[in-house]
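So the structure is just underneath, and the comments pick up after that.
Letters A, B, ... mirror the listed sequences (proteins, then strands); counts begin at 1.
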Amino acid sequence: MIESLSLLKNFKEMESQKVRVRFAPSPTGPLHIGGVRTALFNYLFAKKNNGDFLLRIEDTDQTRFVPGAENYIMEALEWCGIKVDEGIREGGPHAPYRQSERKAMYKKYADQLVAAGDAYYAFDTPEELDQLRTAAESKGETFTYNAETRVSLCNSLTITEAEVKAKMERGDHYVIRFKMPSNVDVSEVDMIRGLVTFNTDRLDDKVLFKSDGMPTYHLANVVDDHLMEISHVIRGEEWLPSMPLHVLLYEKLGWKHPRFAHLPLILKPVGKGKLSKRDGDKMGFPVFPLLWTDPFTGEISKGYREDGYFPDAFVNMLAFLGWNPGTEQEIFSMDELIKAFDLERVGKSGSKFDPEKTKWFNHQYMLRKPDSEVAGLFKEFLAGRGITCDDSYIQRVVSMIKERAVFIPDLWAQGSYFFEEPSEYDEQSIKKRWKEGVPQMMSEIGDVLSSFDGTWEASSIKECFSEFMNSKGWGFGLVMNAFRICIVGAAMGPDLFEICEMIGKEETLQRIDKAVKTIVL
RNA sequence: GGCGCGUUCUUCUAACGGUUAGGAAGUCGGAUUCUCAUUCCGAAAAUAGCAGUUCGAUUCUGCUACGCGCUACCA
């Protein structure tokens with residue numbers, strides 16, 4: 001009874017608060033597909049609950065700034081169809097949305113924690129700490145800045161107030177560290193994993209505020225999430241260990257903390273570990289949504305967009321990495337994903353990335369997209385090869401061959417013969433189908449078709465062809481395949497008579513003629 | 001090492017105490033077809049291990065193993 005009452009209370013609380021989530025990447029390079037998925041899940045959750053999706057750039061580490069990365073992130077989200085409600089481009093009531101531009105806001109909260117005794121100034125230099133770490137390591141131990149060690153280090157807990165003041169006036173570098181309380185069990189419900197408990201004795205005194213005047217991730221994300229009225233923090237599993245720190249920070253700052261959900265990781269297709277850029281290079285699939293050129297090394301990484309994937313197929317595939325609707329439906333538009341999405345249906349375990357399934361999704365989208373849409377894309381591709389032609393012609397080609405294509409360029413590989421005569425003839429097909437006597441047969445068929453004076457359309461061409469075949473008593477299989485080689489250049493493609501109709505009588509006769517002259521037995 | 005999280009066919013996963021453990025990708029058959037591709041049928045393929053709770057465990061608990069994550073003045 002008490003339990004259901006408190007549940008009811010929670011429910012009411014939830015209801016009264018508007019859902020606001022954020023995607024908060026660090027602009028240190030191109031956005032990895034794991035990051036895109038995090039953004040997607042945040043977006044889906046927000047839209048499902050009529051909430052807002054914010055984009056906040058976490059650039060508190062100036063040493064890791066990469067030019068172009070921020071822009072890349074926004075372009076990638078845009079390509080995916082993930083619309084930002086508040087962000088650095090869109091603006092919003094909590095601007096600025098770049099942490100480096102919010103720099104002035106953080107110190108106040110760090111000082112507030114120090115004043116309340118929940119944080120302290122520490123003057124130990126990075127070099128001193130490094131030394132302690134390597135010394136501990138050589139003894140097979142790990143150095144941790146915590147309740148045990150802070151009493152013998154240089155900080156405002158161990159030196160007098162006057163000394164602290166003197167050091168600061170002298171301009172000594174210092175950081176502000178969180179004073180992790182001792183032996184407290186911090187329990188928090190993760191929306192995906194359930195109740196998770198950590199004991200503070202195993203945690204360290206994290207730096208909250210760096211000596212360069214910037215907050216660390218921990219402080220900045222808590223302050224900003226509070227100020228920006230974030231209701232749910234949905235992020236990667238790698239953040240789970242810092243959840244207790246964040247919960248404590250909210251508590252000490254006197255704030256209500258958002259709900260947390262930690263997403264499982266995306267793993268390598270083969271072997272162990274999380275997906276990395278290397279896996280893509282090695283196995284030939286993109287790991288990034290968009291092509292990326294490293295501004296320092298010039299190194300190029302493939303992108304899904306440039307590799308010909310449809311953004312909606314890419315998003316559909318991503319949604320199914322760690323989430324499933326519980327039904328047998330697999331193809332979902334963004335709107336359908338929004339309707340169906342539920343954090344409770346996000347799995348707990350990491351999923352291996354499957355490049356093959358991604359292709360399958362793309363093929364499904366190729367099949368389902370209207371011919372006109374695919375034709376528009378294919379038209380661009382053709383234009384790139386200097387081929388221009390009628391929209392309706394392209395559309396008809398698309399309708400005939402898209403079922404055998406995964407990507408737009410496949411339409412060319414599967415249908416170039418609709419636009420130009422074969423430049424070469426497939427060796428395998430010739431070996432199998434271009435037999436003794438075939439050239440003569442082809443010539444005769446050419447003659448028959450040449451004198452054919454009915455309407456040049458598939459059904460009548462077929463009729464004429466069949467009549468002639470019957471009169472000759474030739475094997476349909478043998479002749480048709482050879483004929484196909486003349487027209488297409490290989491043993492592939494849709495109905496041959498339809499192809500003849502499409503390319504026209506002149507072209508058909510010319511190709512027969514060329515094949516007979518060119519192909520050697 | 002410490003802490004945390006995880007573990008169902010090769011892969012993505014369903015089954016939130018009772019099913020012949022279901023679907024999808026891939027693979028292999030077969031049907032259709034002038035060919036290729038589609039499409040349609042079919043096949044092989046899984047609850048990490050050991051205890052416990054229970055009339056009954058994939059499902060709950062514990063231990064073991066394995067995997068992953070975190071353990072920076074990086075996010």
Side-chain angles (χ1 to χ4, degrees), chain A residues 24-28 58-61 63-64 99 122 124-126 129-130 133 136-137 140-145 173-177 190 192-193 196-199 201-204 206-218 220-221 235-244 262 264-265 267 269-270 272-274 317 320-330 344-345 347-361 363 367 400-405 410 414 426 429 432-433 475-485 488 490-497:
Chain A
S26 181
T28 54
E58 309 231 324
D59 56 349
T60 52
D61 185 357
T63 63
R64 294 212 301 164
Q99 287 185 329
D124 321 275
T125 65
L129 294 174
D130 273 348
R133 262 185 273 272
E137 214 170 298
E141 292 163 8
T142 313
F143 169 77
T144 314
Y145 209 120
H173 284 289
Y174 68 92
V175 299
I176 297 176
R177 283 182 183 273
D190 179 280
I192 292 170
R193 283 149 223 286
V196 183
T197 305
F198 298 83
N199 187 286
D201 281 354
R202 304 276 152 260
L203 271 22
D204 63 340
K206 274 274 175 308
V207 171
L208 263 20
F209 200 82
K210 300 184 275 190
S211 60
D212 66 357
M214 277 287 195
T216 59
Y217 167 83
H218 302 293
N221 116 84
R235 68 220 317 188
E237 191 185 338
E238 67 269 26
W239 294 110
L240 190 55
S242 51
M243 180 166 70
H262 290 93
L265 264 22
L267 277 16
V270 291
K272 313 162 195 307
K274 64 176 179 181
M317 173 279 291
F320 270 71
L321 239 37
W323 171 83
N324 78 83
T327 65
E328 275 168 22
Q329 183 182 350
E330 290 198 271
E344 285 192 14
R345 295 210 64 90
K348 301 188 214 312
S349 53
S351 13
K352 285 193 176 181
F353 181 71
D354 183 358
E356 285 307 312
K357 188 93 184 211
T358 311
K359 287 184 187 163
W360 178 81
F361 271 111
H363 183 230
L367 259 27
M400 290 166 76
I401 60 174
K402 70 174 185 177
E403 67 195 18
R404 60 203 81 208
D410 294 344
Q414 293 294 330
D426 179 62
S429 308
K432 200 169 165 195
R433 310 288 187 184
F476 205 72
L478 174 73
V479 178
M480 279 302 283
N481 282 297
F483 189 19
R484 179 174 287 281
I485 288 170
V488 173
M492 64 171 204
D495 186 87
L496 191 50
F497 297 108

Quiz item: Does OP1 or OP2 of B/A14 have a side-chain N or O of A/Asn324 closer than 4.0 Å?
Solution: yes

Quiz item: Can a side chain N or O of A/Thr327 be found less than 4.0 Å away from OP1 or OP2 on B/A14?
Solution: no

Quiz item: Salt bridge between A/Lys274 and A/Glu237, side-chain N to carboxylate O under 4.0 Å?
Solution: no

Exercise. Identify whether any heavy atom of A/Ser351 sits under 4.0 Å from a base atom; if not, whether one sits that close to sugar-phosphate; answer base, sugar-phosphate or nothing.
Key: sugar-phosphate

Practice problem: Counting heavy atoms from C-beta on, name the nucleotide in B/A24, B/U35, B/C73 closest to the side chain of A/Ala491. | Solution: B/U35

Quiz item: Hey, does A/Leu496 reach any base, or is it just sugar-phosphate, or nothing, if we go heavy atoms under 4.0 Å?
Solution: base

Quiz item: Is a donor-acceptor contact shorter than 3.5 angstrom present between the side chain of A/Arg193 and the base of B/C5?
Solution: no

Practice problem: Could you check whether A/Gly236 gets within reach of a base, just the sugar-phosphate, or nothing at all, counting any heavy atom under 4.0 Å? | Solution: nothing

Quiz item: So, is A/Lys210 close to the B/A75 phosphate, meaning a side-chain N or O under 4.0 Å from OP1 or OP2?
Solution: yes

Quiz item: Is there a Watson-Crick or G-U wobble partner for B/C9 with both distances under 3.5 Å, and if so, which one is it?
Solution: none

Practice problem: Write down the partner of B/G69 under the Watson-Crick or G-U wobble criteria, each distance required to be under 3.5 Å. | Solution: B/C3

Quiz item: With sugar-phosphate meaning primed atoms plus P, OP1 and OP2, does A/Gly140 contact a base, only sugar-phosphate, or nothing at under 4.0 Å between heavy atoms?
Solution: nothing

Exercise. Determine, step by step, whether A/Phe483 and A/Arg433 satisfy the side chain to side chain contact (heavy atoms under 4.5 Å, CB included) criterion, reporting the C-alpha distance in whole Å, the side-chain angles of both residues, the deciding distance to 0.1 Å, and the verdict.
Key: CA-CA 10 Å; A/Phe483 189 19; A/Arg433 310 288 187 184; over 6 Å; no

Quiz item: Looking for any heavy atom pair under 4.0 Å, which part of the strands does A/Asp495 touch: base, sugar-phosphate only, or nothing?
Solution: base

Quiz prompt | Distance test, side-chain N/O of A/Arg133 to OP1/OP2 of B/C73, below 4.0 Å | solution = yes

Practice problem: May I have the distance from A/Glu328 (atom CD) to B/U13 (atom C1'), rounded to whole angstrom? | Solution: 11 Å

Quiz prompt | Opposite nucleotide pairing with B/G29, Watson-Crick or G-U, both atom distances under 3.5 Å | solution = B/C41

Exercise. Just name whichever nucleotide pairs with B/A14, Watson-Crick or G-U, keeping both distances under 3.5 Å, else none.
Key: none

Quiz item: Would you say A/Arg64 reaches B/A75's phosphate, i.e. side-chain N/O to OP1/OP2 under 4.0 Å?
Solution: no

Quiz item: What's the closest nucleotide to the A/Arg202 side chain, out of B/C3, B/G6, B/A75?
Solution: B/C3

Exercise. Name the nucleic acid region contacted by A/Gly347, choosing base, sugar-phosphate or nothing; use a 4.0 angstrom heavy-atom cut-off, strictly under.
Key: nothing

Quiz item: B/C34 pairs with which nucleotide, Watson-Crick or G-U wobble, both distances below 3.5 Å?
Solution: none

Quiz item: In the strands shown, is B/G62 matched to any nucleotide by a Watson-Crick or G-U wobble pair with both distances under 3.5 Å, and which?
Solution: B/C50

Quiz item: If you look at every strand shown and take non-hydrogen atoms under 4.0 Å, does A/Arg235 touch a base, only sugar-phosphate, or nothing?
Solution: nothing

Quiz item: When rounded to the nearest 0.5 angstrom, what distance separates CE in A/Met492 from CG in A/Asp426?
Solution: 8.5 Å

